[in-house]
Amino acid sequence: MERSGVSRRALGALALGSAAMGLSGCEGGHETDLKPRSRQFPKDFVWGVATAAFQTEGSQAVDGRGPSVWDLFEKVPGHVKDKSDATVATDSYRRFQEDVDLIAGAGLSAYRFSISWSRVMPTGGRTVNAAGLDHYSKLVDALLAKGISPYATLFHWDLPQGLQDKGGWANRDTALRFADYAHAVVDKLGDRLKNYIILNEAAVHAVFGHVLGEHAPGLKDINLLGKVVHHMNLGQGLAMRALRAAQGDLQVGTTMALQPCRPAGGLFWNRLAADGLDALWNKAWLDPLFKGTYPKDMDDLLKGVIQDGDLKTVRQPVDFLGVNYYAPAYVRLDLSSPSKIAPANPPRGAELDAFGRHIDPSGLFETLDRVRREYGAPRMMVTENGCSDPFGSGPAILDDQFRITYLRRHLEAVLAAREAGCDVRGYFEWTLIDNFEWDLGYTSKFGLVAMDRKTGVRTPKASYSWFKALAGNGLLPA
Ligand code: FCB
């Protein structure tokens with residue numbers, strides 16, 4: 001695949017010309033909006049915010065934490081846009097009580113955070129680091145004390161470097177180590193931590209980390225792709241089994257970056273590229289989990305990778321599917337690229353977010369409804385959705401009406417999906433506090449809360465109050 005931007009960065013770069021000419025932030029026309037019949041969410045709907053360890057914790061050399069692939073990647077000049085790093089981030093390892101207070105202050109019922117594998121197992125081997133687990137134990141207790149349900153993601157892209165040194169996800173052994181890690185977590189926290197999200201957006205980690213080189217571990221080798229995809233699916237299946245074997249009362253789910261893949265210009269030859277991307281981006285993760293199969297398009301990539309019994313292991317019951325949605329992907333056929341897939345601009349005149357992606361709430365409806373129709377109507381949670389300020393190093397926009405508009409429109413799509421029969425039980429906004437946005441450093445700000453990077457002082461934005469009101473009565477304002 002050519003530098004693709006199927007979900008994130010490069011697509012933004014491609015479309016930046018039009019973004020600069022017209023739009024900034026996440027506001028615009030409303031031609032793609034859904035109109036639900038009712039604006040009322042049910043009482044037991046889960047309202048939360050989502051974060052990830054590497055983007056927030058800082059304290060990288062504390063309490064026996066081992067390095068992750070992102071520790072090395074972020075230090076290489078050119079990898080992070082503003083030359084920043086996550087050594088402090090939102091300092092949430094030390095200031096987690098303040099984060100919990102902010103979540104409680106907004107009246108939210110849930111918090112999705114991720115556990116850093118290399119805090120728990122510093123080299124990725126079998127040795128457990130009690131101090132690392134203690135941190136999450138304290139965080140879980142602090143959340144429960146305020147009546148907030150913890151949702152822990154086990155893998156949000158920060159593989160222990162010790163495992164990367166042995167081949168990372170391209171090495172089948174990593175899947176087994178992942179199950180050991182899941183076991184260590186549930187062993188210590190399972191009495192209080194009941195909600196698990198196994199992987200976060202495995203497609204992004206696989207493609208941006210191993211083919212495009214824009215994320216850690218920074219590899220550009222399409223030959224790794226089949227192995228990485230399958231071993232992540234395998235690790236997920238093994239981890240789900242390990243959790244359930246340890247305890248019977250857990251809610252076990254996983255989170256995927258699902259995107260409608262659309263042919264540029266609606267042209268039929270671009271449809272071939274769109275279908276190819278759909279196979280890799282959506283079906284390569286949904287099919288194994290729900291059906292125990294891989295899409296045909298993956299045959300070549302997977303040659304020699306799948307072993308006997310694997311397809312049984314990757315197919316596991318899920319208590320909920322986590323859906324992360326930001327934008328649809330547009331692609332075109334490119335015969336000169338090995339994958340034949342190339343990124344394309346959104347339609348002319350489309351509203352664009354800060355990444356240059358199409359702001360299209362109907363894509364969220366389409367995604368949820370597709371999962372309902374094609375994958376047996378599982379229970380779902382939107383585990384990420386949100387938008388960034390226009391990119392830049394200046395201060396955050398505190399009166400962030402564009403974010404409120406974006407959230408409102410996507411929540412209309414959630415309501416419409418529920419009315420169409422999708423069993424969507426919750427919504428986690430990305431994210432609580434402006435944080436380290438991977439290769440974009442601090443130039444991208446997604447928070448409901450701003451942070452002064454010198455002092456760490458947190459300041460809620462207008463969207464924080466808006467979200468609080470919504471979580472309070474479940475009524476989506478018009
Ligand atoms: C998602 C990631 C999350 C954050 C948001 C903006 O793809 O899961 O960590 O980067 O995008």
Side-chain angles (χ1 to χ4, degrees), residues 4-12 25-26 48-57 68-70 73-74 79-82 84 86 89-90 92 111-117 151-159 197-209 212 214-216 232 253-259 281-282 285 321-329 352-357 359 363-364 367 381-391 396 400 402-403 406-407 410 427-449 463:
S4 88
V6 285
S7 113
R8 305 168 62 85
R9 327 293 185 207
L11 188 59
C26 312
V49 279
T51 64
F54 193 80
Q55 296 178 269
T56 56
E57 287 180 348
S68 79
V69 289
W70 268 95
F73 184 83
E74 70 173 1
H79 279 176
V80 178
K81 192 174 171 181
D82 58 358
S84 64
T90 56
S92 289
Y111 179 42
R112 176 183 173 222
F113 59 93
S114 83
I115 295 180
S116 151
W117 186 346
Y151 283 68
T153 308
L154 294 184
F155 182 72
H156 201 126
W157 307 348
D158 46 355
L159 189 78
I197 292 173
I198 306 296
L199 299 177
N200 177 72
E201 298 194 352
V204 173
H205 186 67
V207 173
F208 282 79
L212 301 172
E214 293 175 23
H215 279 194
M232 291 188 83
T254 196
T255 279
M256 295 178 188
L258 299 180
Q259 289 183 283
W281 202 258
N282 300 315
W285 313 94
L321 176 71
V323 174
N324 286 2
Y325 175 81
Y326 291 90
L352 304 177
D353 71 4
F355 290 78
R357 302 179 297 198
I359 300 176
L364 175 55
T367 299
M381 299 264 185
V382 175
T383 41
E384 281 182 34
N385 176 239
C387 79
S388 172
D389 288 13
F391 293 166
D400 54 345
F402 58 91
R403 181 165 293 111
Y406 179 99
L407 300 179
H410 285 79
Y427 177 93
F428 292 78
E429 195 272 348
W430 180 274
T431 185
L432 179 62
I433 302 172
D434 295 337
N435 61 31
F436 179 77
E437 180 50 36
W438 309 111
D439 52 321
L440 295 170
Y442 299 94
T443 64
S444 169
K445 300 181 182 70
F446 274 87
L448 298 177
V449 176
S463 56

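Predicted model only: the values in this text are computed from it and were never measured. Note that ligands are numbered from 1 as they come in the structure, with each ligand's atoms numbered from 1 the same way.
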Problem set entry | Presence of salt bridge, Glu437 and Lys81, under 4.0 angstrom | no
For this session: Would you mind listing which atoms of ligand 1 come within a distance below 4.0 Å of any non-hydrogen atom of Trp438?
Result: 3 (C), 4 (C), 9 (O), 10 (O)
Problem set entry | Pair His410 and Tyr427, ring centroids less than 6.0 Å apart | no
Exercise. Roughly how far apart are Gln55 CD and Trp157 CH2, rounded to 0.5 Å?
Worked result: 7.0 Å
Exercise. Considering only heavy atoms of Glu437, which atoms of ligand 1 have at least one such atom less than 4.0 Å away?
Worked result: 4 (C), 6 (C), 10 (O)
Seminar exercise, completed: The reported gap from CH2 in Trp70 to CG in Asp158 (rounded to nearest 0.5 angstrom) is 10.5 Å
Seminar exercise, completed: For Glu201, the atoms of ligand 1 under 4.0 Å from one of its heavy atoms are 1 (C), 2 (C), 7 (O), 8 (O)
For this session: Measure from the ring center of Phe436 to the ring center of Tyr442 and say whether it is less than 6.0 Å.
Result: yes
For this session: Say whether Trp430, considering both its backbone and side-chain N or O atoms, lies within less than 3.5 Å of an N or O atom on ligand 1.
Result: no
For this session: Under 4.0 Å, heavy atoms only, figure out whether ligand 1 is touched by the backbone of Asn200, its side chain, both or neither.
Result: side chain
